[in-house]
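Can you read through this structure? Questions will come right after.
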Number of protein chains: 2
Amino acid sequence: MKKYIPILKRTQLFSGVGEEEIGAMLNCLQARICTYKKGEYVLRQGEHTDTLMVIAEGKLHIQRDDYWGNRSIINMVSAGEMFGEAYVAPESGALMNDVLAVEDSVVIFFDVKRIITVCPTACRFHSAVVQNLFFAISEKNRRLVQKITFMSKRTTREKLIAYLSEEAKRNNSSEFSIPFNRQQLADYLSVDRSAMSNELCKMRDEGMLEFEKNRFVLHDAVTA
Amino acid sequence: MKKYIPILKRTQLFSGVGEEEIGAMLNCLQARICTYKKGEYVLRQGEHTDTLMVIAEGKLHIQRDDYWGNRSIINMVSAGEMFGEAYVAPESGALMNDVLAVEDSVVIFFDVKRIITVCPTACRFHSAVVQNLFFAISEKNRRLVQKITFMSKRTTREKLIAYLSEEAKRNNSSEFSIPFNRQQLADYLSVDRSAMSNELCKMRDEGMLEFEKNRFVLHDAVTA
DNA sequence: TCATTTCCGTTGTAAAAACAACAGACTTGT
DNA sequence: ACAAGTCTGTTGTTTTTACAACGGAAATGA
């Protein structure tokens, strides 16, 4: 557990909190560690959880498969980020999604009630953690809205443009890598993979962009 | 301002807080009131805000219009609910959406920094408000994910079924009203209104459901 | 009350997406 | 090094959607 303190120090949740304080909080927040191999599920749809989870290593997908096998990737969570904030309210009910490790991952569980119930004792940095948590969930909110903005476009091409230009903006560069392979990107944008692949190649042939694997370069027409 | 205290008492944000405490907090949180006529914008895309807003009366749409005039309704916010939580973080940037009053509305603005910065002085109920805020934003998160689940369906029919059966579940009844007219529902699900209208009528003809205006009755095949 | 506007369903056509099936390049593990 | 599996692009067909245009019913407002 102690070996992860330096990692935790660089997460959103513990930003601005010293290593000693984190060490002290681990007990207070009843931290537990679990490791998952690529392809394993951290949580399944229908389960209940009341913990906040921080990714120490690896990468997870928050996703959902429907009756027909169509997969929808709701969100991607990387090392340093967290998830489960949406289910901390008492009446939040069962999980709507699966949580899948897409890389070998290490996840640290925290008792979230301990975080939002301000502990009357020590914990000088507790309020900093509350603020961090608040900012993080607020940011996640914006990310979901952004995803909705991509998905709300009518055509696959528009969805791709919306997504790729946002990624370019985030990276401050017209050249960037995306964290998805083709199938995952299609699942994220809720379109058919082959149709999307086809559209990407058309866009390339029209000179809008270049790509190789998950590395993209947008040309002026797209970024404008 | 005082006249809204009984209303505020029944909002998510002030749940469990007495009227006297709310009155005291109004100053602490620098509350301001604004009224909007149906059709007026509360906020526009690109603006900046660092306030939390509670709807005392009326109804708002969080939405976005693109270059081609396609409107996407991200979310609907009714009396007693709040919005703006996603933009309280310092680096949250400009608003991605418009906020439109779809009914005559009264909105109360709060300085959110005052809320999440635990005031060292009195405010016995401050921590209750922090928790309420946390639960509210967490619930909004789940609603966004739910909307994504609707939108991720491949066909208009599947989107309708996903949305309508969720509404039935929320109402604990196969008979319920929806808060949208046809155009708004289409904008919410990101589909064409006429195509959606067409699909709804087909579903009715096939005996899956009945409707009149915004009142729906689902039959077994749909709810199952 | 009457004129105007909004709302909703209908139809036909053109465009786009889903789907299925396949082949080559590349990875992976043994 | 080789076999098995994965990833990506390609093509053709079918289904679905978007789009445009219209008419009638209902709501609105002067």
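Each chain gets a letter, A, B and so on, in the order its sequence line appears, and its residues count up from 1. Predicted model, so just to flag it, every value in this text is computed and none were measured.
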For atom CE of B:M196 and atom P of D:dA20, their distance in whole Å: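 The distance from CE of B:M196 to P of D:dA20 comes to 18 Å, rounded to the nearest Å.
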Measure the spacing between CG of A:L209 and CG of A:L200 and express it to the nearest 0.5 Å.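 The CG atom of A:L209 sits 6.5 Å away from the CG atom of A:L200.
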Does a side-chain N or O of A:K213 approach OP1 or OP2 of D:dT6 to a distance below 4.0 Å, or not?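 Result: no.
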Start with the C-alpha distance between B:H48 and B:L95, add both sets of side-chain angles, then the distance that settles side chain to side chain contact (heavy atoms under 4.5 Å, CB included), and finish with yes or no. CA-CA 6 Å; B:H48 288 259; B:L95 244 74; over 6 Å; no
Would you call A:R170-A:E167 a salt bridge at under 4.0 Å N-O?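 So A:R170 pairs with A:E167 through a salt bridge.
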Between atom CG in B:D192 and atom P in D:dT17, what is the gap in whole Å?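 Distance, rounded to whole Å: 10 Å.
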Starting at atom CD of B:E212, determine the distance to atom P of C:dG9, rounded to an integer number of angstrom.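 The distance from CD of B:E212 to P of C:dG9 comes to 10 Å, rounded to the nearest Å.
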Starting from P on C:dT10, measure out to CG on B:L200 and report it in whole angstrom.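 The distance from CG of B:L200 to P of C:dT10 comes to 11 Å, rounded to the nearest Å.
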Without decimals, in angstroms, what is the distance between B:F216 CZ and C:dC8 P?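 It is 9 Å, rounded to the nearest whole Å.
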Select from A:R154 and A:S194 the residue whose nearest nucleotide in DNA chain C is closer to the 5' end of that strand.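 Counting from the 5' end, the first nearest nucleotide belongs to A:R154.
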Gap separating the CG atom of A:L26 from the CZ atom of A:F110, nearest 0.5 angstrom: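 Going from the CG atom of A:L26 to the CZ atom of A:F110 covers 6.0 Å.
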Can you tell me if B:T156 touches the phosphate of D:dT17, counting only side-chain N or O atoms and a distance under 4.0 Å to OP1 or OP2?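 For D:dT17, OP1 or OP2 has a side-chain N or O of B:T156 closer than 4.0 Å.
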Side chains of A:V129 and A:L13: closer than 4.5 Å at any heavy-atom pair?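 A side-chain contact exists here, since the closest heavy-atom pair is under 4.5 Å.
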Please state how far atom CD in A:E199 lies from atom P in C:dA17, giving the value in whole angstrom units.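 The answer, rounded to whole Å, is 6 Å.
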Between the axis at one end of the helix from C:dT1-D:dA30 to C:dT30-D:dA1 and the axis at the other (five pairs apiece), what's the angle to 10 degrees?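 Helix axis angle between the two ends: 70°.
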Ion pair present between A:E81 and A:R143, side-chain N to carboxylate O less than 4.0 angstrom?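 Looking at A:R143 together with A:E81, the answer is yes, because their closest N to O distance falls below 4.0 Å.
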Taking the nucleotide of DNA chain D with the closest heavy atom to each, which residue, A:R204 or B:T155, is nearer the 5' end?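 Mapping each residue to its closest nucleotide by heavy atoms, the 5'-most match is A:R204.
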Tell me which of A:R193 and B:E158 sits closer to the 5' end of DNA chain D, going by the nucleotide each one is nearest to.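 This one resolves to A:R193.
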Using OP1 and OP2 only, check whether a side-chain N or O of B:N198 sits under 4.0 Å from C:dG9.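 So the side-chain polar atoms of B:N198 never come under 4.0 Å of the phosphate oxygens OP1 or OP2 of C:dG9.
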Between atom NZ in B:K153 and atom P in C:dA18, what is the gap in whole Å?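 Spelled out: NZ on B:K153 to P on C:dA18 is 14 Å.
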Test of ring centre spacing under 6.0 Å for B:Y163 and B:Y188: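 B:Y163 vs B:Y188: aromatic centres under 6.0 Å.
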Give the rounded distance in Å between these two atoms: CG of B:D187 and C1' of C:dT6.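 Rounded to whole Å, this separation is 15 Å.
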